[in-house]
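Here the structure comes first, spelled out in structure tokens, and everything after it is commentary.
By convention in this document, chain letters (A, B, ...) are assigned in the order of the sequence lines, proteins followed by strands, and residues within each chain are numbered from 1.
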Amino acid sequence: MDGNARNRLGQNLCAIAYAVRQFMANVLNKAVIMVLLLACGGTVVLGLGGVIGPAFGYLPAIGANNISLDGWVRFWSAPGIIGSILLSLSTGLAATLLALIVSQVLLALSYGRSRARSNEAMARILLAAPHVSLALALVFLLTPSGVMMRLAALFTGADLPLDYLFPGDGFGGALIFGLAIKEAAFLYVVGAVAAREVRPSPILAQTASLGYGQLRGWMIGVFPAIYIRIRMPAFIALAFATSSVEQALILGPSSPAALPVRLLAWFTNPDLAMRLPLATGSLVLAALVALAILIWICAERLAANAGRTLAMSGTRGGVMELLARAIGIFGPLIFMFALAGLLVLSLSSFTNGWVFPNIIPQSWDMSVWNRASNDIGAALANTLWLALACSFFAAVAALAGLEATRDYARWRGALTLLLFLPLLVPEATLVFGLNVTWSALYLDGTFGTLLWAHLVFALPYAWLMLEGPYRAIDPRLVANARVLGLGPFAVFRRVTLPMLLAPICMAIAVSALISLSLYLTTLVAGGGRYPTLITESIALSASGDRRVLGAMTLILLMLPLICLDLAQRIPRIVYYNRTAMTGDL
Amino acid sequence: MAAAMAAPLLSACGGRNSANPDPEAGASWDSILEQARGQNVYWNAWAGDARTNAYISWVARQVKTQFDITLSHVKLQDTGEAVSRILAEKSAGRTTGGSVDLLWINGENFAALKSNAMLYGPFVDRIPASQNIDYANEPAFTEDFTIPVEGMEIPWGKSEFVFSYDRARIANPPRSFSDIAAWARTHPGRFTYPAPPDFTGSSFLKQALITLAPANADFSLEPDARAFVATAAPLLAYLADLHPHMWRSGRTQPQSGPALRQLLADGEVDISMSFNPTETAGAIALGQLPASVRIFGLTSGSLSNAHFLAIPANSGAKAGAMTVINFLLSPQAQARKADIKIWGDASVLDTQRLTAKENAMFNLDGASVDDQDFGPSLSEPHPAWMEMLETAWAKTYAQ
């Protein structure tokens, strides 16, 4: 064989190898897309299917075999049901709107200043705090026998608490307050991530040179770009605020209670005929979420027009600026207030008899912790295993999905929509529905099912944390690497992955955080056989003992904080000499 | 810790009881014990009381060493959770290997499971310890909320509805329903009851219904709409009178009995209530209530009932569950349960049928509750009363 022939053979082999690799990458891409689409879509279909049957009267277990509207009749004839529906809709919309405004004003006023770091730290702690804990903390601060009134009693000398209505006011004000704090923290954190991509500095410099204040400049120049990126998170926040049960139970009014609370009461009602209105109500709740999002989208249109008019008018300063300054001052105070509540609630777990009007606990003891330590070992192990497995698979699946759809924008859109669908359907609706399938296949109460259930809710967040940074990778870097002879796998391993280290850590941490916080899902999918910290805490909270709830708050707060801290620390250590890769603002 | 960490992975592969067949019809107790060996029993039980949880974990250690049974306490916030899980399994056609093996249950939950044929049994006659229970003289053991038990659940303990108050705040608590209303008028905002369908709140309404109803009312039967309206009218008038003077002017109510207890501890109200006469003593011992809190009953009588243990029809560890039940009804286990320092839940065993040595196990220090304080025992009405009452209540106060 002469030299030329050998060269040709070499070239051919190279070309074949290249083609094979390319082909494999293509097949793999398609396979990944299909698997993810099927898994996400299948889960939603199974979940909804499980409630649509009973909603129309089909639930063989209680002898309901005929299609009927009995569930609908029972649902609509429940006393005060219209009030419940309106309450859920209004509190969801109000809390989300408030949260969006507060988070954006805080972001605008602290951007590029030292305050940004402390605001973000506070927002992260609040994001990590379970809804139950935050609600209880607010109650402990603001209720007539709470910490604030005890401070007041120092001056008034009252020895009996006043009798005013907090929480549980009829308009859901307390509920809106509690939800808005959590959602503001969430929207602040995702807003800060989006701001990193938008790079507001040059825009703000330009608006400032035109004479606009920081806030007006942000509104005109930066907010529209950020909003596009946090629109999905805003929808998620809205869906959650409308349909979540934990805060509504504690802060919401009792007559009538919010719709999810009514559903829970039907769920635990031993009269099994109530499963029919439960299923109907689950569908109504899902429709309510859709309606809330629709109203939000209409409001977006109006706001966009108003925003354009405002931008064209060229006015500077004004009343709005003052109002926003007030939010800028009070926003962090409210964050601090909520954090202080979490702190005193945790503190109460080390006390014995800390009641009105004492500011300082009468005595300290460890009995709650001693009792808790008996139960905590197994629950902690389950929690950690689940969180580790869930966050690992969520990050892997999200990366695989993003890489597979790199050249297929339409598939990515479809995948994004399907991934987020479970977050837009109320958790209760989905989980009760899925449970029918799980039981039929003898799958409930297994670790694999539990992992599946957790992934349904964690994967969208991992996707959310990774999609923006993935898109922000300069395509020329990838093209260069390809030109230099790297195959698609090697490019992924040697260019994409290292560039994404910071967001990957964040995605893992956030997935773990979601996994830690899933109560209903863990309970139902685990068949009660996998006690985790949150299921144990909520079961024990039936005791109504504030100290037990304080202990639970402390534990449930520490774990996510450790996750988030690690997620920030690891990129800083790995890239100690490359600031731009550490994900800092 | 390492073992605990590995546990979920191991049980991911196995750990289901679906392979265990049910005990055969005529099987001897010894063969049931033999079959129970090595089984995993999942006991679904309400977990809102630290003392109960500690007692259950003691039971788990005992049955492990005595019978080689691995007993896990599935901690429930509400027994309805387990009922709904059993329902979901049935609707999915799972007749064996269910996720619940043993249930702590009574009243409406029992009625629901029994009428839907989701319970295993009758099994009570097969439990040797059942011989020490005097069914003939304890109507609460054979009729659970007027539903015939028929051997589908076995009594485990007894309860009575009581109120509690802080002696440091009020000297003489109101001892009748009319006194409560009068007291609330003079002490506005200092009385409330948990919002139904909470168990404690519903029990308060039931006791009031029975006490205030016309003398000819029969609560053992399912009422028709007219009978209900006539019987409940005095109660609804009473509530209309009471509510404006309640805590937060009646505009909101605590969500549960323990939530009401916390309000008493915080000094927001002066009276709390519960369906366990010894709960208050326990709460004081745990630091949940000040030491000056005492219990009292109404002179017109107190609602009383029994609580039971049952085995779901699709349990995969019935022999194990029966063995655990037999242990729970042993003099040793009942004596420990009745000990006010441990839990303080009344024994269901008949002292006449126990030996002197067995009777000596019961430590009665401080556990004696003077029955005269609580008036006569009032039996639970038929569950249909409760449903109609909750609906009527919700129509007025939940919208």
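- Contacts of Thr95(B) with chain A are made by backbone atoms alone, with heavy-atom separations under 4.5 Å and no side-chain atom involved.
- Contact tally against chain A (heavy-atom pairs below 4.5 Å) for Glu81(B), His73(B), Glu268(B), Gln288(B): the top residue is Glu268(B).
- Distance alone, capped at 3.5 Å, places no donor-acceptor pair between the Arg546(A) side chain and the Gln262(B) backbone.
- The candidate with the highest count of non-hydrogen atom pairs below 4.5 Å against chain A, out of Gly80(B), Gly93(B), Ser84(B), Ser57(B), is Ser84(B).
- Across all non-hydrogen atoms, the minimal contact from Pro79(A) to Thr391(B) is CG-O, 4.5 Å.
- Only the side chain of Tyr519(A) comes within less than 4.5 Å of a heavy atom in chain B; its backbone stays farther off.
- In this structure, the portion of Met246(B) lying under 4.5 Å from any heavy atom of chain A is its backbone and not its side chain.
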Go through the steps for Arg529(A) and Ser99(B) under the test side chain to side chain contact (heavy atoms under 4.5 Å, CB included), then give the verdict. CA-CA 8 Å; Arg529(A) 295 189 169 190; Ser99(B) 66; 4.1 Å; yes
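- Heavy atoms closer than 4.5 Å to chain A are found in the side chain of Asp78(B), but not in its backbone.
- The CG atom of Asp169(A) sits 11.5 Å away from atom CZ of Arg248(B), with the distance rounded to the nearest 0.5 Å.
- Note that CG of Leu87(B) and CG of Asn435(A) are 9.5 Å apart. Values are rounded to the nearest 0.5 Å.
- Within 6.0 Å of OH on Tyr58(A) lie no more than 12 heavy atoms contributed by other residues, nucleotides or ligands.
- Chain A forms the most heavy-atom pairs under 4.5 Å with one residue out of Ala82(B), Pro197(B), Ser72(B), Ala265(B), and that residue is Ala265(B).
- Heavy atoms of other residues, nucleotides or ligands lying less than 6.0 angstrom from OH of Tyr164(A) number more than 12.
- Heavy atoms of Leu162(A) lying under 4.5 Å from chain B belong exclusively to its backbone.
- A donor-acceptor pair under 3.5 Å links the side-chain atoms of Arg85(B) to the main chain of Gly527(A), judged by distance alone.
- In this structure, the portion of Asn53(B) lying under 4.5 Å from any heavy atom of chain A is its side chain and not its backbone.
- Both the backbone and the side chain of Pro144(A) come within contact range of chain B, judged by heavy atoms closer than 4.5 Å.
- Between chain A and the residues Thr252(B), Asp266(B), Val74(B), the most heavy-atom pairs under 4.5 angstrom are made by Asp266(B).
- Between chain B and the options Thr143(A), Ile250(A), Thr449(A), the largest number of non-hydrogen pairs under 4.5 Å is found for Thr143(A).
- For the set Glu390(B), Arg169(B), Gln255(B), Arg190(B), the entry with the most heavy-atom pairs within less than 4.5 Å of chain A is Arg190(B).
- For the residue pair Pro161(A) and Gly267(B), the shortest heavy atom distance occurs at CD-O, 3.2 Å.
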